[in-house]
Structures are given as structure tokens and as C-alpha cells.
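Worksheet: one structure, shown below.
Sequence lines set the chain letters: A, B, ... in the order given, protein chains first and strands last, and positions in each chain run from 1.
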2 protein chains.
Amino acid sequence: MSRRSGVLEFAVLGLLRESPMHGYELRKRLNTSLGVFRAFSYGTLYPCLKTLVAQGWLTEEAAPEDPLATAPLGGRRAKIVYRLTPEGKEHFEDLLAQTGPDAWEDEQFGVRFAFFGHTERDVRMRVLEGRRSRLEERLERMRASLARTRERLDDYTLELQRHGMESVEREVRWLNELIETERAGRGRAKGRPAETGRDDTDPSDTTK
Amino acid sequence: MSRRSGVLEFAVLGLLRESPMHGYELRKRLNTSLGVFRAFSYGTLYPCLKTLVAQGWLTEEAAPEDPLATAPLGGRRAKIVYRLTPEGKEHFEDLLAQTGPDAWEDEQFGVRFAFFGHTERDVRMRVLEGRRSRLEERLERMRASLARTRERLDDYTLELQRHGMESVEREVRWLNELIETERAGRGRAKGRPAETGRDDTDPSDTTK
DNA sequence: GTTTTCATGTAACCCGTTACATGATTCA
DNA sequence: TGAATCATGTAACGGGTTACATGAAAAC
């Protein structure tokens with residue numbers, strides 16, 4: 001048994017932290033609220049939910065508005081609502097506090113960032129800085145490799161590498177800004193939504 | 001059997017097109033010459049080579065400089081050099097000519113681009129334009145989803161989405177430039193290298 | 001009343017990695 | 001001579017998708 005995904009598990013626990021949901025809705029949130037992320041299929045999601053229940057981190061309950069919920073019939077299928085247990089919440093907090101190397105790999109980092117609103121500030125800093133140095137290592141290797149092979153490559157290959165490096169450099173600059181903001185204490189911390197708009201916090205924020 | 005990977009197969013055929021190689025070297029080239037791409041492990045590469053041989057697209061031969069090559073002993077292992085067969089080359093040309101939707105998915109597109117030097121111009125155009133419209137669709141969905149859920153999201157999630165969209169927009173602009181260049185006839189076609197102009201960034205580069 | 005959409009699930013497969021096993025060659 | 005690197009391979013597992021099967025509720 002056990003489909004232990006890491007990212008998916010993290011995302012599911014995090015989303016359920018806000019409010020109980022059933023699988024179908026959960027899946028949609030994974031593509032929207034949780035952003036730009038890859039869409040997990042039901043074939044991944046449902047088995048994952050089962051194992052999380054088995055771990056004791058979630059409970060299954062029939063949807064309250066569901067008429068089948070109270071029917072004593074066996075075998076009928078009703079909408080299943082998943083709710084985070086106290087143990088599940090605790091486990092999620094543990095995950096949030098982790099700052100190991102995994103946390104700055106491409107995939108993990110995305111989810112980690114998405115839940116920064118629930119993350120302690122020093123943890124945020126460590127994750128951001130870890131991510132940055134990971135990217136800087138990557139840049140270093142790309143530069144080295146490029147220097148070694150520059151002449152043997154045709155223009156398209158070269159252009160591809162150039163664009164790739166530029167993307168990474170761009171993300172590093174992004175991280176620098178974020179780290180700067182955190183350092184200045186303007187980081188939007190735990191559970192304080194900072195009012196996505198008028199308020200203070202960030203004069204450079206346009207987007208609307 | 002059959003590990004048919006698509007990208008890996010493509011890359012292997014393309015690299016062997018230049019010159020015969022053995023697996024170990026091939027693998028290194030996948031991380032350098034072929035760029036920024038993911039490093040396939042031997043556990044992927046070697047079985048893949050076997051299936052390509054079985055398809056008749058490659059031949060295995062003992063390395064010429066290898067003393068074991070001529071030894072009539074059984075069981076001794078020598079360095080194996082893989083060479084593209086005429087059928088293999090033909091197959092690769094077929095793959096190069098394909099412009100189906102697969103060609104503009106993230107992974108495929110990278111390899112396709114890396115071999116643009118061997119690709120016909122009209123094919124290059126179709127691939128670039130296909131990629132662009134794929135990205136534009138993605139942007140559209142992101143914008144729509146963002147418009148729907150903006151208020152419910154905290155600042156970090158919002159920032160993540162913003163950065164994600166900006167990355168995609170940036171790639172679209174990159175594609176626009178490339179398409180423009182191709183249209184102007186300045187595309188570096190089959191084996192005609194042009195200046196590596198714009199970059200220059202670092203004249204202190206030596207290392208060779 | 002039939003088509004969509006919502007909702008849950010499973011089995012088969014795919015593409016890849018990790019960990020391991022083996023042995024040859026190079027180099028300090 | 002022993003360690004590092006080159007070189008080839010395989011079995012077990014991991015994390016995911018596709019295609020399929022089922023059925024209820026909503027929309028037309």
C-alpha cells in the first residue's frame with residue numbers, strides 16, 4: 001500500500017486545513033487556488049486520500065447535505081467529505097517546519113511557497129535562501145558546461161541554453177526580492193491576509 | 001518489453017546522428033550538449049538503447065580500440081559503441097518532420113528545439129507557433145482562474161501565480177522573437193551557423 | 001428524457017529512479 | 001596496490017497517467 005507523494009500529500013493536508021472538502025472539489029483547487037501546479041488525476045488523488053485516512057490524518061464523512069448520508073443502506077455511494085484530524089493538522093505543521101534540501105527542489109518549493117501564509121518567518125527565510133543557493137549551483141554548472149562546449153554547439157542549442165540560464169537568473173532575482181522583503185519585515189505572515197489590495201504592505205503591487 | 005520514451009529516444013537518435021558513441025558518453029552529452037535537460041539515469045538509458053537496437057535503428061559494435069573486441073572469449077564485456085543505421089536515420093528524419101501537438105508540450109519542445117539545426121524551416125515555424133499558442137492558452141486559463149479566485153487567495157499564493165504567469169509571458173515573447181527571426185530569413189538553418197551575437201555578457205570567458 | 005456535469009473508484013500501464021552488482025582502466 | 005573513474009547492466013520500486021466502470025444530480 002501507500003502512495004506517498006510528498007507534494008500531493010502536502011497540498012491535500014494544506015487545503016483541507018482551511019476547510020473540509022470532497023475529492024472532486026479538492027482536485028479543482030489543486031489547479032486553481034494552489035496555482036499553476038500540475039493537475040493530479042483522480043487515479044492519483046483518490047488512492048492518496050485513502051492512505052491519508054489510513055494514517056489517521058483525515059476522516060471520511062458523508063456530506064451533511066447528502067440525503068444518502070443518513071440512509072442505513074449499505075453499498076450506496078455518497079459524497080465523501082474529508083476532514084483534517086488533529087493528528088493530521090499536527091503532521092502538517094511538522095511538514096511546514098521542515099527545511100531540508102527537499103524543500104528547495106522544484107516541485108516541493110512550489111507547494112511550500114503556496115503555504116507560506118501558514119509558515120513561520122524563519123522557516124520561510126531558510127526555504128527561500130535554500131532555494132536560491134540551489135539555483136545558483138545550477139547556474140554555476142550551466143556556465144561551466146557552456147564554457148566547455150561552446151564551440152561545438154550550433155546556434156539553436158546555444159540559444160536554448162542561453163534562454164534556460166536567463167530563466168534561472170530571473171528566478172534568482174525574484175528570490176532576492178522576496179528575501180529582501182522578508183528581511184524588511186514586510187513579509188505577509190501567518191494567517192494575516194494583509195488585505196489583498198488597498199492596504200499597505202506593498203506599493204509596488206499593481207496587477208489590478 | 002519496450003521502454004519507449006519519446007524524448008529520450010529522440011535525443012539518442014539525434015546525438016548518434018552526429019557520431020557513434022557508447023552509452024556512458026551518450027549520457028553525459030544528454031546533460032551538456034543537449035543542454036539544460038534532465039539527466040537520464042543508466043537504468044533508463046541502457047534498456048532504451050537495447051530496444052532501439054531491437055528496432056533496427058542502432059547497431060551495437062565493440063569499440064575498435066578495445067582489445068577485447070577481437071578476443072573470441074565469451075562473457076567478457078567490452079565497450080559497446082552504438083551507431084545509427086540508415087533505417088534509424090530515416091526514422092529520426094521522420095520524427096524531425098512531425099509537427100503534431102506533442103511537439104509543443106514542455107518536454108518534447110525542448111528536444112525539438114535542440115535539433116532545430118537539422119530541421120526544415122517550415123517545420124521549425126510550425127513547432128514554434130504551436131508552442132506559442134499552447135502557452136497562450138495556458139495564460140488564458142491562468143488569467144481566468146485568477147480572476148475567479150483573486151480575493152480568496154493570500155498574498156503568497158497570489159505572488160506565486162503572478163510570477164508563474166510572468167514566466168510564461170516571457171517565454172511567449174521569446175518565441176515571438178524567434179518566429180520573427182525565422183520569418184526574416186535569418187533563422188540559422190540546417191548547418192549554417194550565424195553569429196552568436198547578442199550574448200557577449202562575459203568576455204572574460206576562457207576555460208577551454 | 002437525455003445529455004452534462006458531478007463524483008468516486010480501480011486496473012493496467014508508463015516512464016523513470018535507486019540501489020545494487022560487476023568488471024575494466026587510469027592514476028596517485 | 002589501491003582508489004577513483006569509466007563502463008554496463010538489472011531488479012525493485014515510485015509516482016504518476018489512461019482508460020475504464022459506475023452512478024447520482026443538474027441542466028437542457
Ion pair check, B:Asp106 and B:Arg131, cut-off under 4.0 Å: yes
d(CG, A:Leu45; C1', D:dT18) in whole Å: 16 Å
Whole angstrom is fine here: how far is it from CZ in A:Arg27 over to P in C:dA7? 13 Å
In whole angstroms, the gap separating C1' of D:dA7 from CD of B:Glu61 amounts to 17 Å
Specify the separation, in whole Å, of atom CG of B:Leu26 and atom P of D:dC6. 15 Å
Send over the distance from A:Tyr46 OH to D:dG15 P, rounded to a whole Å. 21 Å
Tell me the interatomic distance from B:Met21, atom CE, to D:dA7, atom C1', rounded to whole angstroms. 15 Å
Please pick, from C:dG9, C:dC6, C:dT10, the nucleotide with the shortest atom-to-atom distance to any side-chain atom of A:Pro47. C:dT10
Go through C:dA7, D:dG9, D:dA7 for me and flag the one nearest to the B:His22 side chain. D:dA7
Whole-Å distance between D:dG15 P and A:Phe40 CZ? 11 Å
Please confirm whether the shortest side-chain N or O distance from B:Thr44 to OP1 or OP2 of C:dG16 is below 4.0 Å. no
What pairs with B:Phe92 under ring-ring contact (aromatic ring centres under 6.0 Å, His included), at least two apart in sequence or on another chain? B:Phe10, B:Phe115
C:dC6 phosphate, OP1 or OP2, under 4.0 Å from A:Tyr24 side-chain N/O: yes
Tell me whether the side-chain N/O atoms of B:Lys50 come closer than 4.0 Å to OP1 or OP2 in D:dG9. yes
Is it true that B:Glu93 and B:Arg17 have a side-chain N and a carboxylate O under 4.0 angstrom from each other? yes
Is B:Arg141 paired with B:Glu137 through a side-chain N to carboxylate O contact shorter than 4.0 Å? no
Would you kindly give the CG-to-P distance between B:Asp102 and D:dT18, to the nearest whole Å? 11 Å
